[in-house]
Student: 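I have a structure I would like to understand better, so I am pasting it below and will then ask my questions one at a time.
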4 protein chains.
Amino acid sequence: MTTDFGRPRDPRIVGAVLAATVELLGETGYADLSVDAIAKKAGTSKPAIYRRWSSKAHLVHEAVFPLGEATELPDTGSLPRDVRAMVQRSAAFLTTPAARAALPGLVGEMSADPTLHVALLERFSDILSRGLGERLEAAVARGEARPDATATDLVEAVAGITFFALLTHGTALDDAWVDRTATLITRGIST
Amino acid sequence: MTTDFGRPRDPRIVGAVLAATVELLGETGYADLSVDAIAKKAGTSKPAIYRRWSSKAHLVHEAVFPLGEATELPDTGSLPRDVRAMVQRSAAFLTTPAARAALPGLVGEMSADPTLHVALLERFSDILSRGLGERLEAAVARGEARPDATATDLVEAVAGITFFALLTHGTALDDAWVDRTATLITRGIST
Amino acid sequence: MTTDFGRPRDPRIVGAVLAATVELLGETGYADLSVDAIAKKAGTSKPAIYRRWSSKAHLVHEAVFPLGEATELPDTGSLPRDVRAMVQRSAAFLTTPAARAALPGLVGEMSADPTLHVALLERFSDILSRGLGERLEAAVARGEARPDATATDLVEAVAGITFFALLTHGTALDDAWVDRTATLITRGIST
Amino acid sequence: MTTDFGRPRDPRIVGAVLAATVELLGETGYADLSVDAIAKKAGTSKPAIYRRWSSKAHLVHEAVFPLGEATELPDTGSLPRDVRAMVQRSAAFLTTPAARAALPGLVGEMSADPTLHVALLERFSDILSRGLGERLEAAVARGEARPDATATDLVEAVAGITFFALLTHGTALDDAWVDRTATLITRGIST
DNA sequence: GCTTAAACGAGACGGTACGTCACGTCTTCTA
DNA sequence: TAGAAGACGTGACGTACCGTCTCGTTTAAGC
């Protein structure tokens with residue numbers, strides 16, 4: 001319940017802090033990322049940051065997975081192509097330097113902070129599965145997918161495999177990997 | 001590079017510390033787990049612990065994923081049954097109270113400590129994929145699996161999906177989940 | 001080089017910490033004095049202490065030999081009385097429970113920390129020899145003291161003998177001791 | 001109560017350890033002197049050291065102030081010369097590199113260890129005041145010293161002033177200092 | 001020559017304190 | 001009231017040294 005009185009918040013601070021966070025994540029990793037350092041790099045102060053985000057984890061979460069990142073997945077009219085697009089987006093999305101550095105740390109803090117847990121999963125599924133339900137239903141109607149395949153399972157498969165691959169492979173996830181993974185999942189839910 | 005000289009390490013300490021770690025993980029979670037508390041509960045001292053493990057993360061990793069946990073997966077002679085057994089083991093294994101509490105934290109520290117990264121992945125793949133290569137080749141020979149399906153892909157699918165499900169679902173992973181997931185993966189690598 | 005920005009240091013902490021230090025010194029001695037215990041007793045924290053003093057020794061030094069303890073020695077107009085007053089003060093000063101407990105330990109740390117060395121000597125000579133030079137010159141002018149007697153020698157004699165007596169005698173230094181010592185030193189620098 | 005059985009103690013160890021202690025004291029000072037380092041430098045082990053000395057302080061005490069160091073002070077037949085000899089010896093004795101490094105530390109541990117307290121004072125007075133009583137009586141008989149001057153006072157003066165000078169001056173105590181100090185003390189106890 | 005027992009080196013042990021770090025909050029002054 | 005600055009309490013970190021103990025090995029004296 002913000003009041004209309006008093007000095008308004010400096011609108012540039014949000015952007016500067018998010019940018020500084022992304023930069024520092026790329027340079028030093030999540031563990032060595034201190035709020036003091038972010039504040040310094042953003043040219044602002046710790047209280048200004050905590051006025052906007054309730055914890056370091058929430059800040060990082062928003063910096064790495066910005067709102068409005070996701071658009072509706074293009075409807076290709078074919079299940080295999082749809083799945084491939086999903087895997088593609090998932091991989092592209094998690095292999096940003098900042099995401100690579102931040103994700104494990106965020107996951108680590110999820111268990112301690114239910115708020116973050118919820119926020120992170122929502123953001124995730126928003127990005128990954130926007131409009132997925134209808135598309136899957138259509139595929140089932142076309143006879144391409146099994147009727148018992150759920151959107152949840154599909155997201156679980158795409159996100160889980162991508163995340164694990166991220167932890168395992170030192171390298172980026174190339175097109176060959178995307179192809180193989182998309183094939184596996186597509187067949188997994190096909191009739 | 002152990003010497004034969006000097007007082008030998010007290011053989012009871014390793015066990016007591018690992019047990020204390022598992023207990024405390026169940027009680028308090030990874031973030032609130034202090035080495036002092038472990039030492040106290042195990043009836044030993046912080047230096048004695050740091051003589052054996054190079055960091056808290058290494059200790060937890062060994063406590064939660066004990067060596068020799070894994071045995072060869074039973075060869076059922078059928079790919080679907082083999083995959084189901086894998087998923088079953090993977091789920092059973094990660095839903096221990098200690099594992100649930102520790103895994104996110106460990107993953108978080110992996111990025112900061114390459115040593116831990118290696119150790120964790122080795123432990124993981126040892127437990128999950130012991131003898132998997134041969135089994136997959138046999139399945140290919142029987143015409144049950146696609147020739148281009150690799151053991152790595154399989155492990156990635158099983159471990160990734162399980163891990164992600166663990167983060168997502170608050171509850172345990174029941175038989176129905178195991179069935180659905182095993183089906184998805186089996187079809188995914190089938191001919 | 002104090003800034004005018006930021007939250008100012010809580011002015012009560014310095015006093016509370018110094019008082020707690022003196023109390024604990026009386027109770028437990030220098031060796032068993034921990035910074036944690038001081039912080040607890042003073043109702044503050046270790047970092048707050050280390051913000052103000054660079055080491056335990058510096059803190060103890062300031063607690064035991066507070067600034068402003070010394071006032072100008074009363075000018076009695078007679079060398080014997082002046083010297084007796086000095087010895088008196090020196091003895092009173094070093095036989096405080098806190099001083100008895102702390103001095104040997106501080107002396108022990110002087111060799112390791114040049115900063116402390118300087119600080120301790122300055123504090124000492126400030127307390128003992130404030131205004132001593134003029135008094136000695138006057139005594140020389142009156143023919144009571146030898147012209148070659150220096151203030152340094154006088155301080156060395158008073159402080160050294162007192163300190164050594166403190167180490168040697170278990171008991172306090174009584175008036176008889178003060179008399180004997182003052183006599184020795186007075187004669188020592190007399191014509 | 002040592003038995004005659006068993007392997008006899010290696011006679012070279014005592015010497016090697018004392019020598020190593022003196023060397024290390026000169027190099028690193030008392031605070032940075034660890035028993036491990038002494039053992040290593042002496043080519044022996046910690047238990048072998050603790051078999052011979054009950055603590056680090058006792059070892060250092062014996063290393064720095066070896067028994068049999070003192071001989072009877074030469075009887076010059078004149079109080080001034082006797083006192084000068086005493087001051088001379090006291091200064092020579094405490095300005096060894098090892099003594100300079102060790103003394104403050106030892107004094108610091110005296111308060112915590114009564115055994116050491118006694119041992120140190122005995123060693124000190126043995127070295128400084130061997131045969132002093134008779135000499136002082138003779139001086140009194142000759143009318144050179146006041147009848148109420150005690151040997152204790154004399155030792156206190158010599159040792160105290162020297163010790164304090166040691167702490168204060170960075171430099172060695174030269175002949176001029178010895179002269180001035182001897183004069184002060186001699187007059188102090190003269191008729 | 002065999003036995004015995006203590007000394008030996010190496011190094012692990014419990015204990016305890018050290019000084020440092022980052023968190024998220026709070027308090028001052030200034031704009 | 002927001003902002004920068006920076007101190008606050010909390011609580012854990014990993015390290016260091018103490019003096020003791022436990023190994024397996026060596027060394028002499030006594031039988």
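Below, chain A is the first sequence line, B the second, and so on; all start at residue 1. Reckoned from all heavy atoms, side chains included, excluding hydrogens, waters and symmetry mates.
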Student: Rounded to whole angstrom units, what separation is found between the NZ atom of C:Lys40 and the P atom of F:dT10?
Tutor: 10 Å
Student: Report, one line per pair, each donor and acceptor closer than 3.5 Å where one atom sits in a side chain of residues 11-34 of chain B; sequence neighbours left out.
Tutor:
unit_1	atom_1	unit_2	atom_2	d
B:Arg12	NE	B:Asp10	OD1	3.1
B:Arg12	NH2	B:Asp10	OD2	2.7
B:Thr21	OG1	B:Val17	O	2.7
B:Glu27	OE2	B:Lys41	NZ	3.2
B:Thr28	OG1	B:Leu24	O	2.9
B:Tyr30	OH	B:Glu109	OE2	2.4
B:Ser34	OG	B:Ala37	N	3.0

Student: For residues 96-104 of chain A, tabulate all N or O donor-acceptor pairs below 3.5 Å that involve a side-chain atom, not counting sequence neighbours.
Tutor:
unit_1	atom_1	unit_2	atom_2	d
A:Thr96	OG1	A:Phe93	O	3.1
A:Arg100	NH1	A:Thr171	O	3.2
A:Arg100	NH2	A:Leu166	O	3.3
A:Arg100	NH2	A:His169	O	2.9
A:Arg100	NH2	A:Gly170	O	3.3

Student: Rounding to a whole Å, what distance do you find between D:Arg9:CZ and E:dG9:P?
Tutor: 12 Å
Student: Could you state the interatomic distance from CZ (D:Arg52) to CD1 (D:Ile49), rounded to the nearest 0.5 Å?
Tutor: 9.0 Å
Student: Starting from P on F:dA5, measure out to CD1 on A:Ile13 and report it in whole angstrom.
Tutor: 11 Å
Student: Do any of residues 16-29 of chain B sit with a heavy atom less than 4.0 Å from DNA chain F, and if so which?
Tutor: none
Student: Measure the distance from CZ on B:Arg7 to C1' on E:dC8 and round it to the nearest whole Å.
Tutor: 17 Å
Student: Quick one: salt bridge (Lys or Arg N to Asp or Glu O under 4.0 Å) partners of A:Lys56, sequence neighbours excluded?
Tutor: none
Student: Which whole-number value in Å describes the distance from B:Arg12 CZ to F:dC21 C1'?
Tutor: 12 Å
Student: Could you check how far CD1 of D:Ile49 sits from P of F:dC21, rounded to whole Å?
Tutor: 17 Å
Student: What pairs with B:Ser54 under side chain to side chain contact (heavy atoms under 4.5 Å, CB included), at least two apart in sequence or on another chain?
Tutor: B:His58
Student: Just jot down the side chain to side chain contact (heavy atoms under 4.5 Å, CB included) partners of A:Pro47, sequence neighbours excluded, or say none.
Tutor: A:Ser45, A:Arg51
Student: Compare every heavy atom of C:Pro66 with every heavy atom of C:Ala63, then report the nearest pair and how far apart it is.
Tutor: O-CD, 3.9 Å
Student: List for me each residue that meets side chain to side chain contact (heavy atoms under 4.5 Å, CB included) alongside A:His61, sequence neighbours excluded, and say none if there are none.
Tutor: A:Phe65, A:Leu106, A:Leu116, A:Ala119, A:Leu120, A:Arg123
Student: Using a 4.0 Å cut-off on protein heavy atoms (strictly under), produce a 5'-to-3' string for nucleotides 14-19 of chain F with B for base contact, S for backbone-only sugar-phosphate contact, and - for none.
Tutor: BBB-SB
Student: At less than 4.0 Å, is any side-chain N or O atom of C:Thr44 found next to OP1 or OP2 of F:dG9? Yes or no.
Tutor: yes
Student: Output the rounded distance in Å from CG (D:Asp10) to C1' (F:dT25).
Tutor: 15 Å
Student: Grab the two heavy atoms, one from A:Lys46 and one from A:Asp36, that are nearest each other, plus how far apart they are.
Tutor: CE-OD1, 3.6 Å
Student: For E:dC8, does either OP1 or OP2 sit under 4.0 Å from a side-chain N or O belonging to D:Arg52?
Tutor: yes
